[in-house]
Amino acid sequence: MSLTDWRQLHGSHFENSRVLVTGGAGFIGSHLTEALIKLGATVTVLDDLSGGEEGNFDTYRAEAGDRLRFVKGSILDEKLVAECTQRARYVFHQAALGSVPRSVEQPRRYHEVNATGTLNVLEAARATGVQRVTFAASSSAYGDSETLPKIETMPVLAKSPYAANKAACEALMAAWSGSYGLDTASLRYFNIFGPRQNANSAYAAVIAAFAKALFADEHPVIFGDGEQSRDFTFVENAVHANLLAARSEKPIRGQVINVACGTRITVNELAAHMAQMVGKPQLTAIHKPDRAGDVKHSLADLTRARNVLGYEPIVDFETGLKPTVEWYGAVMV
């Protein structure tokens, strides 16, 4: 159940538009697909289900009818990517292998899927005359620079293969825009959270991992001292930014744009707050050593997002956290 009235924000712009959402059965991709369906678009989802599931369409599949086509496959399959891109006006490229720690363990696999897969998406979009490609970039590209807030003009300081992949894809987006006239936008997500985010993984994002522990009556685990801070961003803000980028009347030309709320909270504060929310304040966090590749602090500057996209956060942290925790309670209890 969306917190946002997408029609009120985006009107009829996407009505009858054909779009491709890579990774559209995943966490962020399924929320984006839902918004596009509500806005009257016809959506092809390409997903290999390595990180998503068809069940993520359940709440809006009936409404979508034949406007939603699911294709199981990989962005490494050039012919399949080309077929899915046919007649698409927009491509929302969300497909990727996620998780910083897992990328440290599997660097070659991450490069192949995230970087080469993105090349395939761009080439398909170029060949079929797509109007714009939006890309799910990552704030991990900023590394552990102590400068706050993070501004897009700061140098890339990738600390993990995952961050390096995402930064490489930003460069590809800019290059295809500059060389071939394919308009692109790289949206640097900051710690996106919300319903449907997978908690059943050793690499689960922190809010999902905390929820899984708390509903199992276990103490949440924090890697490091917990004073690391994050600009936690409810998923509908990422959806909104993608829609704004796609419908921009001005060329974006491969620019990198932060997508966040512009506020931060420490992981210690998050753990205590979530324990209170579920009525289990006695389940205090336990601490384990830092993980390789993790960054200390994250906070976004939103000036470019406002100037280029007209973006403002539409759901703040507290408003988004409540239905997120409730969703985990419903699926885990």
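Residue numbers run from 1 in the order of the sequence given. It should be emphasised that the depicted structure is a prediction, and the values quoted were computed from it without experimental measurement.
No donor-acceptor pair closer than 3.5 Å links the side chain of Lys72 to the backbone N or O of Leu49. Between the side chain of His297 and the backbone N or O of Pro149 there is no donor-acceptor pair closer than 3.5 Å. Distance alone, capped at 3.5 Å, is enough to place a donor-acceptor pair between the Arg67 side chain and the Ala41 backbone. In this structure a side-chain-to-backbone donor-acceptor pair under 3.5 Å is present from Asn237 to Val315. No donor-acceptor pair closer than 3.5 Å links the side chain of Ser138 to the backbone N or O of Tyr189. Of the possible polar contacts, none joining the Arg230 side chain to the Leu299 backbone as a donor-acceptor pair under 3.5 Å is found. With hydrogens and angles ignored, the 3.5 Å screen pairs no side-chain donor or acceptor of Glu236 with any backbone N or O of Ile314. A donor-acceptor contact shorter than 3.5 Å links the side chain of Asn258 to the backbone of Lys150.
Residues Gln86 and Thr128 have side chains that never bring a donor and an acceptor to within less than 3.5 angstrom of each other. Defined by atom type and a distance below 3.5 Å, a donor-acceptor pair is missing between the side-chain atoms of Ser298 and Asp231. No side-chain donor from either of Asn268 and Thr266 sits under 3.5 Å from a side-chain acceptor of the other. Gln131 and Asp183 form no side-chain donor-acceptor contact under 3.5 Å, judged by distance and modelled atom types alone. Side-chain contact of Trp176 with Glu123: a donor-acceptor pair under 3.5 Å is present, judged by distance alone. A side-chain N or O of Ser17 and one of Arg89 form a donor-acceptor pair less than 3.5 Å apart.
When side chains are defined from C-beta on, Thr153 counts as touching Arg304, because their heavy atoms get closer than 4.5 Å. Here the side chains of Arg109 and Leu97 are in contact, with some heavy-atom distance below 4.5 Å.
Salt bridge Glu15/Arg7: present, at least one basic N to carboxylate O contact under 4.0 Å.
Annotation: Phe193 is in aromatic contact with Phe234 [ring centroid separation under 6.0 Å]. Checked against a 6.0 Å centroid threshold, the rings of Phe92 and Phe135 do not count as neighbours.
A cation-pi contact, defined as under 6.0 Å to the ring centre and within 45° of the axis, is absent between Arg196 and Phe27. Figure legend: cation-pi geometry between Arg132 and Tyr90 absent, as NZ or CZ is not positioned both under 6.0 Å from the six-membered ring centre and within 45° of its axis.
A single hydrophobic cluster is not seen to contain both Leu148 and Ile265; linkage of ILVMFWY side chains at heavy-atom distances under 4.5 Å, directly or through other members, places them apart. Residues Val256 and Val156 fall into different hydrophobic clusters, defined by Ile, Leu, Val, Met, Phe, Trp and Tyr side chains chained together at heavy-atom separations under 4.5 Å.
In this view, Asp144 and Lys159 satisfy the salt bridge (Lys or Arg N to Asp or Glu O under 4.0 Å) rule, not counting sequence neighbours.
Cluster partners of Leu157 are absent, since no Ile, Leu, Val, Met, Phe, Trp or Tyr has side-chain heavy atoms less than 4.5 Å from it.
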Salt bridge (Lys or Arg N to Asp or Glu O under 4.0 Å) evaluation trace for Glu112 with Arg108: CA-CA 6 Å; Glu112 290 171 350; Arg108 185 175 298 277; 5.2 Å; no
Full working for salt bridge (Lys or Arg N to Asp or Glu O under 4.0 Å) between Glu227 and Lys296: CA-CA 8 Å; Glu227 286 306 296; Lys296 189 68 176 176; over 6 Å; no
Test log, rule salt bridge (Lys or Arg N to Asp or Glu O under 4.0 Å), inputs Glu312 and Arg306: CA-CA 6 Å; Glu312 292 289 346; Arg306 293 184 175 109; 2.7 Å; yes
